[in-house]
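Protein chains get the first letters and strands the later ones, always in sequence-line order, with residue 1 at the start of each. None of the values given here were measured: they were computed from a predicted structure.
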There are 2 protein chains.
Amino acid sequence: MFNRLNKCIKILGIKKKSTIKDIANVLGLTPSAVSKALNNHPRISDKTKIAVKQVAENLNYQPNHLASALRKGKSNLVGVIIPRNNSNFFSSVLENIEEVLNKEGYNIIITQSNESYKKECNNIESLLYTQVDGIIASLANETVNLEYYEKIKAKGIPLILFDRGENDLNVDYVGIDDYLSSHMIIEHLVSQKCKRIAHIAGFSHSRIYKNRISGYRDALKEYNLPIEEDLIIESNLRIEDGRRIMEGLLNLPKRPDAVYAAGDYAALGALQVLKENNINVPNDIALVGFSNEPFTSFVQPSISTIDQKSELIGKLAAEAFLNRIENPSIKTTLNKIIVDAELIVRDSSNRE
Amino acid sequence: MFNRLNKCIKILGIKKKSTIKDIANVLGLTPSAVSKALNNHPRISDKTKIAVKQVAENLNYQPNHLASALRKGKSNLVGVIIPRNNSNFFSSVLENIEEVLNKEGYNIIITQSNESYKKECNNIESLLYTQVDGIIASLANETVNLEYYEKIKAKGIPLILFDRGENDLNVDYVGIDDYLSSHMIIEHLVSQKCKRIAHIAGFSHSRIYKNRISGYRDALKEYNLPIEEDLIIESNLRIEDGRRIMEGLLNLPKRPDAVYAAGDYAALGALQVLKENNINVPNDIALVGFSNEPFTSFVQPSISTIDQKSELIGKLAAEAFLNRIENPSIKTTLNKIIVDAELIVRDSSNRE
DNA sequence: CGGTTTAGTTCAATCGTTTGAACAATTTAT
DNA sequence: ATAAATTGTTCAAACGATTGAACTAAACCG
């Protein structure tokens, strides 16, 4: 049967993929010599190395990753799990993770959870199955149960979290200081003479949104502004949430004079409602968002926001992984890298 | 040395990953029986299957993908190459490719070319190295030389192109009819009584933009409108390109009364300039973009655009791959799937 | 010239799974 | 009762690359 197959191959002129064995045959060497030559093993003569590489080129040889990964027990693949791909923040993080890891010979497998916990579990399952050497992830909003992530830790491969998931697991984390970012926003709004600042918040079960809320509260206290619970509303932070909540705020007996939304999409929804009601932004009500989505710069008025330093976060997350993989023995305490975010003041909060 | 390692493992309580061999030992079977049991081989008794699965569960067994892929000569991995990840179109296509392929047991490896030909080549290289079973790609704008893609074909694995790359290689393609889409836009603008329609075009070396240009030209002819070469300007279609070109158009002795931009970002740039010049959109100058980026719906005025049916394109691309992989022998003529795009009329071109 | 290095290579086992062939045990058909 | 078919399992050879140990020459040293 084999002979027949080979005959077919010959007749049809299909080149079967060449292996080190083929190279060995051509040169009258053993496969192991070829393997060593290709890997620049010191015990192989330069003459042989050159000859092997030449033949490899001619035969269009491509090493079989599966075989070497199996033997070496290392796939050089890193899994990345992100909630969704349509935000600028994540695509920028990805780009930078990829850049750093590619340089070190790793490839990344990107998977999206679409903010679904179930999808996230599936993703972990299939990444582990693919034998990735590590996982870099940002948790879905929905994710509360962390059993699956424990599974990764149990496997003994590095797990790095970024943006979402701080403290939730005892693993490396890279993110901005959400508490401080909120503080910066309030400080700025106060400097613009705002006195009643509402907060369109994210759900407080997610640590980052919780931190933004407490940063908001503490900053208000610091500036001796009263905390009014009706001015703090949690939501999913989509455009429609921003709209709904802004409408509610406008219907209050005493309207706020500033709105801090914990996400840019919610800020956009709020802005739409404000414009529809002919409310002057920023003079009647000032507005600040969060994330520096591209559209914040080109809507009218442009929206002040927090830049989360996605490039840096991507780079640091990748480096954290490399660190772990290179020193697996060193059970250092978990590494929490907090990057300083930047407040970008635009028209929506810049009063004359 | 091995004994020492095992001792370490025992002492430290580190569970080494369990293999079919471990399961076999527990049950007093051979690894092959276990393998067959796990794969529901008909020749294995139900009793054994149940026992094996039970033990597998207990040992927290996870099949080693590398080993099975190596043996089976199939990785169940599909590579996807996209130009950049920050557009809604691509992230939506990805989501749908993933959905269809996951169901069939495939995982996808996403790589971004960042519109760079060199990056694209690297991506192809590493995808092939990872032994993907197929590649689904949309070409970078820069890509003219297709040597690397020929390499994929030479390997004998399926290659499916979408959006960018129609006709350029003799392979399966999924995309919308750009020519017809242009035609729809012109038809609509004519119905709005526009007489001098400018075209902010993409570079005509890319087939899709070329088709949009010829669709534009032919439609003008059909409606007996003159074709003025100064009203057709090619660019990269970024916001700043749209701005620059719109400024140029406004400085013409005779301004156009409509602008059709081959990309939404360019349309946005144009819109900004129009607003800055207090030109009424759509009544003085009507505007239509292309791609249905989310922001087109929430800027003011909202921008009319073409929806490229990203969900459908993703699904069809994935299905085209599955088709090829399931019938590798059938050298059917190449499959060109053209999806009908949809014109979404919004405020920027809807005159009262 | 015998003994020790050193360079260059081959040998053989291994990674974990799959798979056709072979074998033994049991059942069914004749 | 014997042949044939069926069932359940083991055997052994792959898949392609890697790697330490072993082996053979040639080179070097005293």
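Among residues two or more places apart in sequence or in another chain, the side chain to side chain contact (heavy atoms under 4.5 Å, CB included) test is passed with B/A140 by B/S113, B/E115, B/E120, B/T143. For A/N40, the side chain to side chain contact (heavy atoms under 4.5 Å, CB included) partners are A/K49, A/K53, not counting sequence neighbours. In this structure, the salt bridge (Lys or Arg N to Asp or Glu O under 4.0 Å) partners of B/K151, at least two apart in sequence or on a different chain, are B/E125. B/L27 is linked by a side chain to side chain contact (heavy atoms under 4.5 Å, CB included) to B/I23, B/L29, B/A51, B/V52, B/V55, counting only residues two or more places apart in sequence or in another chain. Residues satisfying the side chain to side chain contact (heavy atoms under 4.5 Å, CB included) criterion with B/A318, sequence neighbours excluded, are B/I97, B/V100, B/L101. Applying the salt bridge (Lys or Arg N to Asp or Glu O under 4.0 Å) criterion to A/K118, with sequence neighbours excluded, gives no partner residue. Residues passing the ring-ring contact (aromatic ring centres under 6.0 Å, His included) test with A/Y129, sequence neighbours excluded: B/H65. Listed by chain and residue number, B/F321 satisfy the ring-ring contact (aromatic ring centres under 6.0 Å, His included) test with B/Y106 (two or more places apart in sequence, or in another chain).
At least one side-chain nitrogen or oxygen of A/Y61 sits closer than 4.0 Å to the OP1 or OP2 atom of D/dA17. Note on B/T19: every side-chain N or O is 4.0 Å or more away from OP1 and OP2 of C/dC15. Applying the 4.0 Å criterion to OP1 and OP2 of C/dT10, one finds that A/T30 has a side-chain N or O inside that range.
Listed nucleotides: C/dC15, D/dG8, C/dT17. Nearest to the side chain of B/N64: C/dT17.
By the 4.0 Å N-to-carboxylate-O rule, A/D172 lies too far from A/K336 to be salt-bridged with it.
At whole-Å resolution of the value, CG in A/L66 and P in C/dT14 are 22 Å apart. The distance from atom NZ of A/K49 to atom P of C/dA7 is 12 Å, rounded to the nearest whole Å. Atom P of nucleotide C/dC15 and atom NE2 of A/H65 are separated by 18 Å, given to the nearest angstrom.
Side-chain atoms of A/Q62 and B/K155, non-hydrogen and from C-beta on, do get closer than 4.5 Å to each other. By the 4.5 Å heavy-atom criterion applied to side chains, A/E98 and B/N123 are counted as neighbours.
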Give each protein N/O atom lying under 3.5 Å from an N/O atom of nucleotides 19-22 of chain D, with the pair distance.
residue, atom, partner, partner atom, Å
D/dG20, O6, A/K36, NZ, 2.6

When you compare the protein's N or O atoms with those of nucleotides 27-29 of chain C, which come within less than 3.5 Å of each other, and at what distance?
none

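Residue-level contact check: B/L29 touches the backbone only, with heavy atoms under 4.0 Å from sugar-phosphate atoms and none from bases. As judged by a 4.0 angstrom heavy-atom cut-off over every strand, A/P63 is placed among residues touching the sugar-phosphate backbone only.
A heavy atom lying under 4.0 Å from DNA chain C marks none of the residues of residues 102-109 of chain A.
Using modelled atom types, one finds a donor on one side chain and an acceptor on the other under 3.5 Å when comparing A/T48 with A/S45.
Direction change of the helix axis from one end of the helix from C/dC1-D/dG30 to C/dT30-D/dA1 to the other is 50°, with five pairs defining each end axis (rounded to 10°).
Of the residues B/L128, B/I325, B/V78, B/D133, the one that meets the side chain to side chain contact (heavy atoms under 4.5 Å, CB included) test with B/I157 is B/L128.
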